[in-house]
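The structure under discussion appears below in the form of structure tokens.
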Amino acid sequence: MKLDIIAGARPNFMKIAPIIAELEKVKGKIQYRLIHTGQHYDKKMSGSFFEELGIPDPDVNLEVGSGTQAEQTARIMERYEALLLHRHLERTPSNRGESKDLSTSFHSGRDDVKSNIFKGLADWVLVVGDVTSTMACSIAAKKLNMGVIHVEGGIRSNDITMPEEINRMVTDAITDVFYTTSEVANENLRKLGHAENKIRYVGNTMIDTLLKNMSRLIKPSAWDENGLKEKEYFVMTLHRPANVDEESKLKNLIDEIVKGANNMPIVFPVHPRTAKILKGIGIEADNLHMIEPLGYLEFNYLVQHAFAVITDSGGITEETTVMKVPCMTLRDNTERPETITIGTNELVGTNPDNVAPFMEKLHKGEWKSGEIPHLWDGHTAERIVEDLLRF
Ligand code: UD1
């Protein structure tokens with residue numbers, strides 16, 4: 001079996017790490033290439049995750065960089081297809097005039113496997129999550145008649161204004177095998193008419209990574225710099241277009257959060273997209289500590305010891321569920337409802353007026369304690385690779 005594994009943006013890296021580790025254990029039985037699309041490229045958004053999680057250097061980096069949704073999608077498809085067809089990529093407007101020989105840019109770092117890596121088409125592509133790279137590579141592969149495996153398939157926010165929802169719908173429509181994280185996802189796929197034998201409930205690879213690294217988490221320098229104390233601070237992340245793209249909305253949201261925190265410090269690692277907008281607003285408050293995006297081990301250290309987390313990320317609500325840390329999600333919907341029905345998460349919405357009552361509940365100690373969803377047990381990647389060996 002020849003398998004391509006795709007990773008492009010920050011939330012992909014913790015999902016592929018345990019799958020790669022399991023594939024390394026059955027070396028020879030499954031030949032794989034690790035392909036980084038380059039959707040995220042900063043060390044803080046990409047490189048540090050490879051180092052901390054022990055992911056081998058990608059065999060190929062398509063280096064697509066930033067752009068609009070369509071530009072990124074087009075560039076990824078064009079470059080991944082060129083790789084699959086083992087073809088020199090010509091200069092085109094969409095690849096910014098660069099000429100690239102993808103057939104010779106294999107094995108940027110993995111000298112040990114260099115000679116064993118295949119070229120051209122794979123039999124299957126394995127994509128994870130819901131980012132632009134997930135969708136773009138699925139389409140390119142499927143059009144060349146490869147099989148598509150979607151890890152975290154079937155989840156839906158039913159909010160078509162989110163780019164991720166479109167990515168999920170398109171990817172799932174052409175997926176051959178779904179590895180799912182929840183019963184809700186299974187049910188969504190059944191309703192869409194997917195055959196039962198395509199749906200494989202295996203659990204959550206992101207949680208494999210979390211459980212494996214719990215004992216390695218690292219206290220960030222922000223801890224001492226901001227005088228943080230165990231369970232006496234908030235961690236906040238915001239990057240969804242619905243929250244951050246409009247200056248006045250972002251300002252109102254942050255103002256309400258700062259007020260509701262009752263002077264408890266709020267540590268806010270700022271995503272590059274949000275940083276661009278914040279520059280124009282100039283928000284300041286004594287208890288608001290804006291810092292650079294953190295690496296995986298430092299970020300999850302902060303989450304584990306926090307009083308509560310405030311976020312608009314999906315993945316973080318899964319991690320807080322497993323760490324049993326209260327989580328307020330600033331979104332009107334979620335594709336991960338089990339983090340609410342089973343876990344410690346509550347959907348606050350995006351209206352700044354909603355923040356205060358949830359803050360009160362937290363300060364009064366009335367937050368639910370939560371349970372952990374079935375099969376979020378640290379062994380999901382083992383189940384996936386066991387299954388892949390039966391293909
Ligand atoms: C992407 C994913 C989102 C995920 C998020 C996590 C899609 C549609 N969205 O959104 O699901 O939750 O990643 O981070 O795929 N930038 C940098 N350095 C980088 C990467 C990006 O400065 O390494 C800048 C870009 O120039 C751009 C902005 O950050 O202006 C947004 O990056 P982009 O990849 O377009 O989407 P995200 O908002 O990060």
Side-chain angles (χ1 to χ4, degrees), residues 1-38 46-47 49-62 80 83-84 105-129 131 133-134 137-138 140-141 146-153 171 175-181 198 200-213 216 296 315 375-391:
M1 177 189 199
K2 289 179 181 168
L3 178 69
D4 276 348
I5 299 187
I6 307 294
R10 187 169 63 177
N12 287 165
F13 306 135
M14 42 292 231
K15 293 173 193 168
I16 59 150
I19 300 175
I20 304 248
E22 287 304 313
L23 284 171
E24 286 293 313
K25 289 188 196 162
V26 298
K27 245 189 182 143
K29 294 193 179 148
I30 297 174
Q31 267 186 293
Y32 76 93
R33 293 185 296 207
L34 174 55
I35 295 161
H36 192 324
T37 63
S46 172
F49 289 81
F50 277 72
E51 282 166 22
E52 289 187 341
L53 302 179
I55 308 171
D57 285 340
D59 296 301
V60 184
N61 193 321
L62 302 178
Y80 182 44
L83 174 79
L84 292 173
S105 64
F106 285 136
H107 335 296
S108 45
R110 303 175 66 198
D111 288 337
D112 53 330
V113 291
K114 222 174 208 173
S115 53
N116 299 326
I117 287 284
F118 56 93
K119 293 194 174 180
L121 280 179
D123 304 311
W124 295 84
V125 65
L126 182 147
V127 295
V128 298
V131 302
S133 304
T134 309
C137 290
S138 309
M146 284 165 53
V148 176
I149 300 165
H150 188 194
V151 174
E152 203 189 86
T171 304
T175 289
D176 299 282
V177 174
F178 300 94
Y179 290 123
T180 64
T181 50
K198 288 167 64 180
R200 303 177 191 176
Y201 181 20
V202 289
N204 194 326
T205 58
M206 196 161 181
I207 300 307
D208 285 10
T209 296
L210 182 67
L211 295 178
K212 188 172 171 193
N213 287 288
R216 301 177 57 224
Y296 182 84
L375 295 185
W376 291 19
D377 60 358
H379 299 287
T380 297
E382 286 165 41
R383 289 188 276 270
I384 291 175
V385 172
E386 245 175 63
D387 192 58
L388 290 175
L389 287 170
R390 289 193 288 264
F391 271 38

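For the single chain, residues carry numbers from 1 onward in sequence order.
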*Nearest heavy-atom pair of V148 and S138: which atoms, and what distance?*
CG2-O, 3.9 Å
*Could you walk me through whether L34 and F50 pass the side chain to side chain contact (heavy atoms under 4.5 Å, CB included) test, one step at a time?*
CA-CA 12 Å; L34 174 55; F50 277 72; 4.1 Å; yes
*asked:* Do the side chains of R383 and D377 get close enough for a salt bridge, i.e. N-O under 4.0 angstrom?
replied: yes
*Main-chain N/O of L210 paired to Y296 side chain as donor or acceptor, under 3.5 Å*: yes
*Please list, chain by chain and in numerical order, all residues satisfying salt bridge (Lys or Arg N to Asp or Glu O under 4.0 Å) with D123, sequence neighbours excluded.*
none
*Mark yes or no for whether D176, through its side chain, and G147, through its backbone, hold a donor-acceptor pair below 3.5 Å.*
no
*Flag side-chain contact, heavy atom, 4.5 Å: P11 against V131*: yes
_If I take atom CZ from residue F178 and atom CD1 from residue I149, how far apart are they, to the nearest 0.5 angstrom?_
11.5 Å
*Decide yes or no on side chain to side chain contact (heavy atoms under 4.5 Å, CB included) for I207 and T380, but give the supporting numbers first.*
CA-CA 8 Å; I207 300 307; T380 297; over 6 Å; no
*Report yes if the side chains of V128 and T205 come closer than 4.5 Å at any heavy-atom pair, otherwise no.*
no
*Identify the two heavy atoms, one from P18 and one from T209, that lie closest to each other, and give their separation to 0.1 Å.*
CD-OG1, 3.1 Å
_Intermediate values then yes/no, side chain to side chain contact (heavy atoms under 4.5 Å, CB included), Y32 and I20_ = CA-CA 9 Å; Y32 76 93; I20 304 248; 3.4 Å; yes
*If you look at every heavy atom in H36 and P58, which pair is closest and at what distance?*
CB-CG, 3.6 Å
*asked:* Can you list everything that forms a salt bridge (Lys or Arg N to Asp or Glu O under 4.0 Å) with E51? Sequence neighbours excluded, please.
replied: K43
_Shortest non-hydrogen separation from A141 to V125 and the atoms involved_ = CB-CG1, 3.5 Å
Determine all donor-acceptor pairs shorter than 3.5 Å in which one atom belongs to a side chain in residues 1-9; sequence neighbours excluded.
from: D4; atom 1: OD1; to: R33; atom 2: NE; distance (Å): 2.7
from: D4; atom 1: OD1; to: R33; atom 2: NH2; distance (Å): 3.2
from: D4; atom 1: OD2; to: R33; atom 2: NH2; distance (Å): 2.9
from: D4; atom 1: OD2; to: Y80; atom 2: OH; distance (Å): 2.7

*Is there a side chain to side chain contact (heavy atoms under 4.5 Å, CB included) between L126 and I19 once you walk through the steps?*
CA-CA 10 Å; L126 182 147; I19 300 175; 4.2 Å; yes
*State the CG-CG distance between L375 and N204, to the nearest 0.5 angstrom.*
10.0 Å
*E52: partners by salt bridge (Lys or Arg N to Asp or Glu O under 4.0 Å), with sequence neighbours left out*: none
*Taking only residues two or more places apart in sequence or in another chain, which ones pass side chain to side chain donor-acceptor pair (under 3.5 Å) with S133?*
T37, Q39
*On the 0 to 90° scale, with breaks at 30° and 60°, tag the F391-W124 ring pair as parallel, tilted or perpendicular.*
perpendicular
*asked:* Would the distance check show the side chain of W376 and the main-chain N or O of M206 forming a donor-acceptor pair, the cut-off being under 3.5 Å?
replied: no
*Please list, chain by chain and in numerical order, all residues satisfying side chain to side chain contact (heavy atoms under 4.5 Å, CB included) with E382, sequence neighbours excluded.*
E22, H379
*Which of these, T180, T134, V177, sits in a side chain to side chain contact (heavy atoms under 4.5 Å, CB included) with H150?*
T134
